[in-house]
Amino acid sequence: MIRLGLCCIFKSQDIRFRRTTAGHLAKFPRDEQLQRLSEICLANTQSLMQSLVFCRDNGIGDFRINSQILPLKTHPDAGYDLEDLPEGKTIISLFEDCGRFGRRHDIRTGFHPDQFIVLSSPDPGVVARSVADLAYQAQVAQWVGADVINIHGGGVYGDKPAALKRLSAAIGSLPENVRTRLTLENDDRSYTPEDLLPVCRDTGVPLVYDVHHHRCLPDGLDIAAATRAALTTWNREPLFHLSSPKEGWKGKNPKKHHDLIDPDDFPDTWKNLDITVEVEAKDKELAVAGLSTALQTRGIALRLPMP
């Protein structure tokens, strides 16, 4: 059965995740910074629970958690530990409540860190900062029971084999709580499934197969072959990504995501699989609802949350 996933934010629901900037916080003394950060983080845990309740009530079996749910967590100037925040213990407890809710209702959660997380960089500083951010997300993932922290391969830097070698080496040195959740995703600019599959096999890191990216940046594999190869890398429920091009496949830039999903973009080869498919579309929960209806009309079974 297909478990559909919602990514990070909402289009029409009044559920919001708060953020701030280091520049704004710099206006205040450190104790006031921590108080403000505590209030934001506390509000975000409450919004996460609202998100999971919405997913349960609307047949959405997966929720991608915003990677900035603890804003500026690893920032060199504004960063903090949860123990530094006035409501730190409460924040952790509320995250754990979210984890219990997700398990009780069979709602999967995961993370997709921002593009500045690059393990293949030749700059050790970039890699170190990336690892620090992954470690923070793994900490939250442990509290909420998330089993995926998904990243892209990064840049090519003029030498793809060397970059892939650095990527493999960096993965091998990650803390266990990061490495056991880490996944790699093919992108639409640099790394195809064929590029990443050897890294996945060598490191034990699963491949999140993004079919839209693969259609934009093809390789020697067709969709069916890439799907089969990706499935072999998983030791838990596989996670794939689906989106549609904003201007259609004959438009000037098919890389841009549409507001909704064209059901015809859902690969035939996925129909009978037991996988999570995260819906990457601008209209968020509205796009998930539209795809859900279309798939069920076509006789495709969906894995819904437990009541």
Side-chain angles (χ1 to χ4, degrees), residues 2-5 7 61-62 64-65 67 108-115 117-121 130 134 137-138 141 146-156 160-174 176-243 255 257 265-280:
I2 303 297
R3 185 201 302 262
L4 293 181
C7 297
D62 169 82
R64 181 193 296 174
I65 300 172
S67 61
R108 189 181 193 183
T109 53
F111 290 84
H112 192 357
D114 296 327
Q115 297 293 334
I117 304 299
V118 182
L119 295 181
S120 60
S121 173
S130 297
L134 291 172
Q137 292 181 44
D147 70 328
V148 167
I149 302 176
N150 182 47
I151 64 171
H152 292 285
V156 173
K160 184 180 286 188
L164 288 170
K165 186 175 181 179
R166 288 192 301 270
L167 176 61
S168 293
I171 290 171
S173 65
L174 290 171
E176 183 178 3
N177 66 339
V178 177
R179 192 174 62 253
T180 56
R181 292 178 171 88
L182 194 74
T183 61
L184 291 174
E185 177 190 347
N186 60 294
D187 62 77
D188 56 11
R189 298 179 184 275
S190 301
Y191 292 105
T192 69
E194 264 191 333
D195 292 326
L196 294 178
L197 281 164
V199 177
C200 293
R201 295 181 184 117
D202 290 345
T203 63
V205 169
L207 178 70
V208 172
Y209 177 45
D210 188 309
V211 68
H212 187 161
H213 289 166
H214 194 202
R215 286 165 169 154
C216 292
L217 184 66
D219 54 15
L221 301 174
D222 61 18
I223 291 174
T227 295
R228 289 193 299 270
L231 290 173
T232 66
T233 66
W234 285 88
N235 61 0
R236 52 198 186 278
E237 184 178 317
L239 171 64
F240 291 173
H241 287 174
L242 178 68
S243 47
K255 296 178 182 179
H257 289 182
D265 287 330
F266 189 92
D268 288 342
T269 191
W270 292 8
K271 290 181 178 179
N272 297 314
L273 299 180
D274 293 323
I275 58 174
T276 297
V277 177
E278 287 188 338
V279 176
E280 297 189 321

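Because only heavy atoms are used, hydrogens play no part in the values below, and waters and symmetry mates are left out as well, while side chains stay in.
Open room surrounds CG on N272; 12 or fewer heavy atoms of other groups in view lie less than 6.0 Å from it.
No option in N186, N150, L217 other than N186 meets the side chain to side chain contact (heavy atoms under 4.5 Å, CB included) test with D210.
In this structure, the separation between CZ on F240 and OG1 on T276 is 10.0 Å, given to the nearest 0.5 Å. Taken to the nearest 0.5 Å, the CD1 atom of I171 stands 9.5 Å off from the CG atom of D202. Taking CG of L134 as the reference point, atom CD1 of I117 lies at 5.0 Å (rounded to 0.5 Å). Between the CG atom in D147 and the OG1 atom in T109 there is a gap of 7.0 Å [rounded to 0.5 Å]. Put simply, OG on S67 and CD on Q115 are 10.0 Å apart, with the number rounded to the nearest 0.5 Å.
Here the closest non-hydrogen pair linking L119 and S130 is CD2-CB, 4.1 Å. Across H214 and L221, no two heavy atoms sit closer than the pair CE1-O, 3.2 Å. Nearest heavy-atom pair, I275 versus L231, reported as atom, atom and distance to 0.1 Å: CG2-CD2, 4.1 Å. For the residue pair L242 and P267, the shortest heavy atom distance occurs at CD1-CD, 4.4 Å. Between D274 and P238 the shortest heavy-atom distance is O-CD, 3.6 Å.
For R181, the salt bridge (charged side-chain N to carboxylate O under 4.0 Å, His left out) criterion is met by no residue, not counting sequence neighbours. Partners of A163 according to the side-chain contact (heavy atoms from CB on, under 4.5 Å) rule, which considers only residues two or more places apart in sequence or in another chain, are S120, Y157, R166, Y191. Contacts of H257 classified as ring pair (Phe, Tyr, Trp, His ring centres under 6.0 Å), with partners at least two apart in sequence or in another chain: H212. Legend: residues meeting ring pair (Phe, Tyr, Trp, His ring centres under 6.0 Å) with H112, ordered by chain and number and at least two apart, are H152, H241.
Counting only residues at least two apart or on different chains, the side chain to side chain donor-acceptor pair (under 3.5 Å) pairs with a member in residues 223-233 are T227-W270. Listed by first and then second residue, the salt bridge (charged side-chain N to carboxylate O under 4.0 Å, His left out) pairs involving residues 184-197 are K160-D195 (not counting sequence neighbours).
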Could you go through V211 and F266, starting from their C-alpha distance and side-chain angles, then the distance that decides it, and tell me whether this counts as side chain to side chain contact (heavy atoms under 4.5 Å, CB included)? CA-CA 9 Å; V211 68; F266 189 92; over 6 Å; no
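Taking a cutoff of 4.0 Å between a charged side-chain nitrogen and a carboxylate oxygen, E278 and R108 do not qualify as a salt bridge.
The side-chain heavy atoms of L207 and L197, taken from C-beta on, include a pair separated by under 4.5 Å. Put simply, the side chain of I151 reaches to within 4.5 Å of the side chain of L184, judged on heavy atoms. The shortest distance between side-chain heavy atoms of V208 and W234 falls below 4.5 Å.
Side-chain N or O atoms of R215 include one that pairs as donor or acceptor with a backbone N or O of D265 at under 3.5 Å.
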